[in-house]
Amino acid sequence: MDSENNTILSHFCWSNEIIIITLISLFFIVAAILLIPVFAKGSVAEICRYIVVPLCIIVIWLSISFTPRYLSIDSKCIKLQRIVGTIEIPLTTVYSIDIVSSAMIKGSIRLFGSGGFFGYLGIFRNKNIGQYTMYATELKHLIMVKTTHKTYVFSCRNGETFKTFLKSSASR
């Protein structure tokens with residue numbers, strides 16, 4: 001906790017599962033890009049060179065860009081700092097922060113985003129929560145933030161502290 005700004009900060013920690021999925025995926029993507037000239041000939045090589053390779057690069061860049069770095073909460077908002085960009089959730093729109101188990105998100109269907117490549121990032125849906133946006137780099141320490149417009153699930157090792165901070169902010 002930063003006592004000057006009265007801010008609680010939680011850095012995203014990568015689970016072994018995320019590290020392995022990311023490394024294996026990167027290996028196959030890079031290997032495919034490097035092996036295109038060796039195996040592809042003629043028009044197939046041209047398609048790969050001008051369509052597949054740029055798409056792979058875009059997917060890698062977007063995945064890196066959306067990767068969360070840290071989550072913070074202060075008297076005004078919850079901030080999710082990503083590699084590129086910040087998402088701010090005003091506390092005036094938040095009506096609950098709850099600790100959730102990985103069992104709660106089990107069986108989720110990914111509607112858009114990543115299912116392990118640089119984290120679990122994007123829009124998901126399941127029967128327990130409904131539709132939610134997730135930014136998680138591990139599935140052990142999860143919090144669910146419900147707002148008037150959206151539901152978020154974040155990996156956060158300081159979940160109880162965030163929950164207590166929100167309650168104390170609401171009582172002021």
Side-chain angles (χ1 to χ4, degrees), residues 1-26 59-172:
M1 181 158 158
D2 181 355
S3 57
E4 271 183 29
N5 300 327
N6 203 20
T7 301
I8 298 169
L9 189 69
S10 181
H11 289 277
F12 282 82
C13 300
W14 285 35
S15 68
N16 290 335
E17 176 185 12
I18 296 297
I19 292 168
I20 290 168
I21 290 170
T22 301
L23 289 176
I24 289 172
S25 298
L26 282 172
V59 165
I60 291 169
W61 171 246
L62 286 174
S63 297
I64 291 170
S65 298
F66 281 86
T67 301
R69 293 180 50 225
Y70 62 85
L71 192 64
S72 65
I73 186 170
D74 61 26
S75 60
K76 295 179 182 160
C77 67
I78 297 172
K79 290 181 187 174
L80 171 71
Q81 181 64 52
R82 300 179 302 188
I83 298 290
V84 176
T86 303
I87 295 174
E88 293 187 4
I89 306 167
L91 288 188
T92 56
T93 66
V94 175
Y95 63 87
S96 73
I97 295 179
D98 295 305
I99 308 297
V100 294
S101 68
S102 57
M104 184 84 155
I105 62 167
K106 191 172 179 116
S108 292
I109 297 168
R110 184 176 59 248
L111 302 176
F112 177 78
S114 169
F117 186 54
F118 289 98
Y120 296 99
L121 316 167
I123 302 168
F124 295 78
R125 173 184 295 282
N126 81 9
K127 62 182 177 179
N128 297 321
I129 302 172
Q131 186 168 310
Y132 61 97
T133 301
M134 182 158 63
Y135 288 92
T137 54
E138 62 180 337
L139 296 178
K140 285 186 180 177
H141 308 278
L142 299 173
I143 62 170
M144 182 170 48
V145 176
K146 289 189 176 185
T147 72
T148 52
H149 300 61
K150 221 171 177 180
T151 300
Y152 297 90
V153 174
F154 301 111
S155 55
C156 178
R157 293 193 172 190
N158 298 355
E160 283 296 335
T161 309
F162 271 60
K163 190 174 175 178
T164 304
F165 187 90
L166 178 67
K167 284 182 183 178
S168 69
S169 293
S171 64
R172 290 181 203 162

*Which ring pair (Phe, Tyr, Trp, His ring centres under 6.0 Å) pairs, counting each pair once, include a residue from residues 62-94, with sequence neighbours left out?*
H11-Y70
*Decide yes or no for L142 and S155: does some side-chain heavy atom of the first lie under 4.5 Å from some side-chain heavy atom of the second?*
yes
*Check the pair T151 / M144 against side-chain contact (heavy atoms from CB on, under 4.5 Å), numbers first and verdict last.*
CA-CA 7 Å; T151 300; M144 182 170 48; 3.6 Å; yes
*To the nearest 0.5 Å, what is the distance between CZ (R110) and CD1 (I123)?*
12.0 Å
*So do the side chains of D74 and N6 get within less than 4.5 Å of each other, counting heavy atoms only?*
no
*Could you tell me whether K76 and E88 make a salt bridge, using a distance below 4.0 angstrom between a side-chain N and a carboxylate O?*
no
*Just grab all the ring pair (Phe, Tyr, Trp, His ring centres under 6.0 Å) pairs involving residues 141-164, residues at least two apart or on different chains.*
Y152-F154
*What's the shortest heavy-atom distance between L9 and N158, and which atoms?*
O-ND2, 2.9 Å
_Would you compute the distance between atom NZ of K106 and atom CG of L139 and round it to the nearest 0.5 angstrom?_
10.5 Å
*Any idea which heavy atoms bring D98 and K163 closest together, and the distance?*
OD1-NZ, 4.0 Å
_Assess the residue pair I73 and I97 against the criterion (side-chain contact (heavy atoms from CB on, under 4.5 Å)); give the C-alpha distance rounded to whole Å, side-chain angles, the decisive distance to 0.1 Å, and a yes or no._
CA-CA 11 Å; I73 186 170; I97 295 179; 4.2 Å; yes
*Write down the atom of S114, the atom of F124, and the distance for their closest heavy-atom approach.*
O-CZ, 3.6 Å
*asked:* Has T93 got a side-chain atom pairing as donor or acceptor with T148's backbone, closer than 3.5 angstrom?
replied: no
*Grab the two heavy atoms, one from L121 and one from P68, that are nearest each other, plus how far apart they are.*
CD2-CD, 3.5 Å
*Given side-chain contact (heavy atoms from CB on, under 4.5 Å), test N128 with I105 step by step and report yes or no.*
CA-CA 7 Å; N128 297 321; I105 62 167; over 6 Å; no
*What's the spacing between K146 NZ and Y132 OH if we round to 0.5 Å?*
12.5 Å
*Output all residues satisfying side chain to side chain contact (heavy atoms under 4.5 Å, CB included) with I109, sequence neighbours left out; order by chain, then residue number.*
L111
*Do you know the tightest heavy-atom contact between S10 and R157?*
OG-N, 3.4 Å
_Is it the case that the side chains of Y120 and S108 hold a donor-acceptor pair, with the cut-off being a distance below 3.5 Å and no angle test?_
no
*Nearest 0.5 Å please: distance from the CD1 atom of I19 over to the OG1 atom of T137.*
9.0 Å
*To the nearest 0.5 Å, what is the distance between CD1 (I143) and SG (C156)?*
4.0 Å
*Could you please spell out the steps behind the side-chain contact (heavy atoms from CB on, under 4.5 Å) verdict for W14 and T22?*
CA-CA 10 Å; W14 285 35; T22 301; 3.9 Å; yes
*Could you tell me the separation between the NZ atom of K150 and the CD1 atom of I87, rounded to the nearest 0.5 Å?*
6.5 Å
_To check you understand the geometry: which heavy-atom pair defines the closest contact between I21 and F117, and what is its length?_
CG2-N, 3.8 Å
*Taking the side chain as every heavy atom from C-beta outward, state whether F12 and L80 have any atom pair closer than 4.5 Å.*
yes
